[in-house]
Amino acid sequence: MEKIKLGKSGLLVPPIALGCMRLADAERTQADKFLHTALELELNFFDHADIYGGGACERVFGEMIKDAGVRREDLIIQSKCAIVPGKMYDFSKEHILSAVDGSLKRLGTDYLDVLLLHRPDALMEPEEVAEAFDELEKSGKVRHFGVSNEDPYTMELLQSALHQPICANQLQMSLTNATMIAQPMNTNICDGLNPVLDNGVLNYCRLHNITIQTWSPFQYGFFEGVFIGSEKYPKLNAKLDELAEKYNVTNTAIALAWILRHPAKMQAVTGTINPKRLRDCAAALDITLAREDWYALYLAAGYRLP
């Protein structure tokens, strides 16, 4: 497997990260099969958040790796904090430090490889975040830092106070949620169909060596459903099936390969804990879509070439 660099962190990581938000709802035997399949496929980057399952997902994962006898140094563990469900987003130093301690305890580890701030806090004070990051780095509890769902100016403001580089930005991205790609391609088109939704975040991250981690790579809308097999996207599914046959993989692999084909070297964050589906995802690593096939999927998803 050809690994990618996670921003300026120095970490070499798989192009596919494994989201763990469904672990709390899984039977333990299924969760264990997920872990063993992931490691067999050399997919050792696991993405968590303190709110997933109210913390239960981290706890289950910690129990799984302990029972399986997996060495901590063989894993790359990322978690996220800042969301207080139904109440607020909290970038205060106190909250960040407390959240990390909670995650470490549940995961049964002494450190996180990566910590992301989960959603932008309107009351963010960059200097306070910097103090929290410095303390976490000095104590060895967190090795690298990033953000999630942030636009360029929010990252720029935060980075102005940080002593560590922002190494990643986790953003929603799929064939049907690709405004960060579509918007620059429709620049200077005055027909009302070119809303600025992403403020150039894709090119900003490329310029500043920040790895984009794409969450919900198979979803349309905001958790409205999976586009693969959906009657809402007949043209897209026809093209996915056609290319699946051409490249001798599943349509799941094609949908993921579309993201990985982009030269920004994004890291796709999957959400499945089904071993077969995980293998389908991993098959995307073995193919490179031809340029014409990449654009054919883009058009089939409903985007345009002006």
Side-chain angles (χ1 to χ4, degrees), residues 1 3-7 9 11-26 31 34-39 41-65 70 72-83 96 99-100 102-104 106-109 111-119 136 141-150 166-174 177 205 210-219 223 256 259-260 265-275 277-278 281-282 284-285:
M1 178 196 306
K3 296 188 176 182
I4 61 173
K5 295 179 181 179
L6 190 74
S9 70
L11 286 174
L12 287 176
V13 301
I16 296 175
L18 306 182
C20 296
M21 69 179 296
R22 293 184 173 88
L23 278 181
D25 298 325
F34 158 73
L35 176 64
H36 290 303
T37 302
L39 297 180
L41 295 170
E42 299 181 59
L43 300 176
N44 68 336
F45 192 110
F46 296 91
D47 175 68
H48 290 271
D50 59 356
I51 66 165
Y52 291 166
C57 295
E58 291 180 326
R59 177 181 52 77
V60 170
F61 185 81
E63 293 171 354
M64 288 165 52
I65 60 175
V70 179
R72 174 65 181 88
E73 55 268 32
D74 292 335
L75 305 176
I76 301 173
I77 300 178
Q78 170 176 283
S79 196
K80 301 182 287 293
C81 72
I83 296 179
I96 293 171
V100 169
S103 289
L104 294 178
R106 290 186 293 272
L107 289 163
T109 184
Y111 68 95
L112 295 175
D113 294 282
V114 187
L115 172 70
L116 304 185
L117 300 177
H118 208 162
R119 283 274 176 187
L136 290 168
K141 292 180 179 180
V142 179
R143 297 187 172 179
H144 306 286
F145 301 87
V147 297
S148 184
N149 306 297
E150 290 199 359
I166 295 172
C167 68
N169 187 9
Q170 197 168 113
L171 298 160
Q172 186 175 22
M173 167 75 173
S174 71
N177 289 342
C205 287
I210 298 170
T211 297
I212 292 176
Q213 298 178 330
T214 65
W215 58 270
S216 289
F218 306 110
Q219 293 271 341
F223 291 116
L256 207 60
I259 293 174
L260 300 180
K265 295 187 181 299
M266 304 178 199
Q267 185 184 38
V269 183
T270 63
T272 185
I273 57 172
N274 181 302
R277 187 165 169 80
L278 189 56
C281 291
L285 299 173

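As the structure is a computational prediction, the values presented were derived from the model and not from experiment.
Evaluation of the salt bridge (charged side-chain N to carboxylate O under 4.0 Å, His left out) test over residues 11-23, restricted to residues two or more places apart or in two chains, returns none.
A heavy-atom distance below 4.5 Å is not found between the side chains of W215 and M21. In this structure, the side chains of C81 and L117 come closer than 4.5 Å at one or more pairs of heavy atoms. Counting heavy atoms from C-beta outward, L136 and F145 have side chains that approach closer than 4.5 Å. When side chains are defined from C-beta on, T211 does not count as touching V13, because their heavy atoms never get closer than 4.5 Å. Considering only heavy atoms from C-beta on, L18 comes within 4.5 Å of L278 through its side chain. When side chains are defined from C-beta on, L11 counts as touching H144, because their heavy atoms get closer than 4.5 Å. Using a 4.5 Å heavy-atom threshold, the side chains of L116 and V147 count as separate. In this structure, C167 and V114 have side chains that are in contact, with non-hydrogen atoms separated by less than 4.5 Å.
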Residue pair S174, Q219: steps toward the side chain to side chain donor-acceptor pair (under 3.5 Å) verdict: CA-CA 7 Å; S174 71; Q219 293 271 341; over 6 Å; no

Check against side chain to side chain contact (heavy atoms under 4.5 Å, CB included), L115 and I96: CA-CA 10 Å; L115 172 70; I96 293 171; 4.2 Å; yes

Test side chain to side chain contact (heavy atoms under 4.5 Å, CB included) applied to L285 and I16, step by step: CA-CA 8 Å; L285 299 173; I16 296 175; 3.9 Å; yes

Candidate pair R106 and H48, rule side chain to side chain contact (heavy atoms under 4.5 Å, CB included), full reasoning: CA-CA 11 Å; R106 290 186 293 272; H48 290 271; over 6 Å; no

Steps toward side chain to side chain contact (heavy atoms under 4.5 Å, CB included) verdict (K5, L12): CA-CA 5 Å; K5 295 179 181 179; L12 287 176; 3.7 Å; yes

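Atom CD1 of I77 sits about 10.5 Å away from atom CZ of R143, to the nearest 0.5 Å. Once rounded to the nearest 0.5 Å, the distance linking CG of D113 with CG of L75 reads 8.5 Å. Expressed to the nearest 0.5 Å, how far OG1 of T214 lies from CE of M266 amounts to 7.5 Å. Rounding to the nearest 0.5 Å places CD1 of I212 at 4.0 Å from SG of C205. Taken to the nearest 0.5 Å, the CD atom of Q213 stands 5.0 Å off from the CZ atom of F45.
Considering all non-hydrogen atoms of both residues, P14 and E42 come closest at CG-O, 3.7 Å. Taking every heavy atom of both residues into account, S103 and D50 meet most closely at OG-CB, 3.9 Å. The minimum heavy-atom distance linking D74 with N44 is given by the pair O-ND2, 3.0 Å. Residues E150 and N169 come closest through the heavy atom pair O-ND2, 2.8 Å. Taking all atoms of both residues into account, the shortest heavy-atom contact from D47 to Q170 is OD1-NE2, 3.3 Å. For the pair V100 and V142, the tightest heavy-atom approach, listed with the atom from each and the gap, is CG1-CG2, 4.0 Å.
Ring orientation note: the planes of F34 and F46 are nearly perpendicular, at an angle over 60° on the 30°/60° scale.
Remark: side-chain polar atoms of R72 are paired, donor with acceptor, to backbone N or O of Y111 under 3.5 angstrom.
Residues passing the side-chain contact (heavy atoms from CB on, under 4.5 Å) test with A49, sequence neighbours excluded: I51, Y52, K80, H118.
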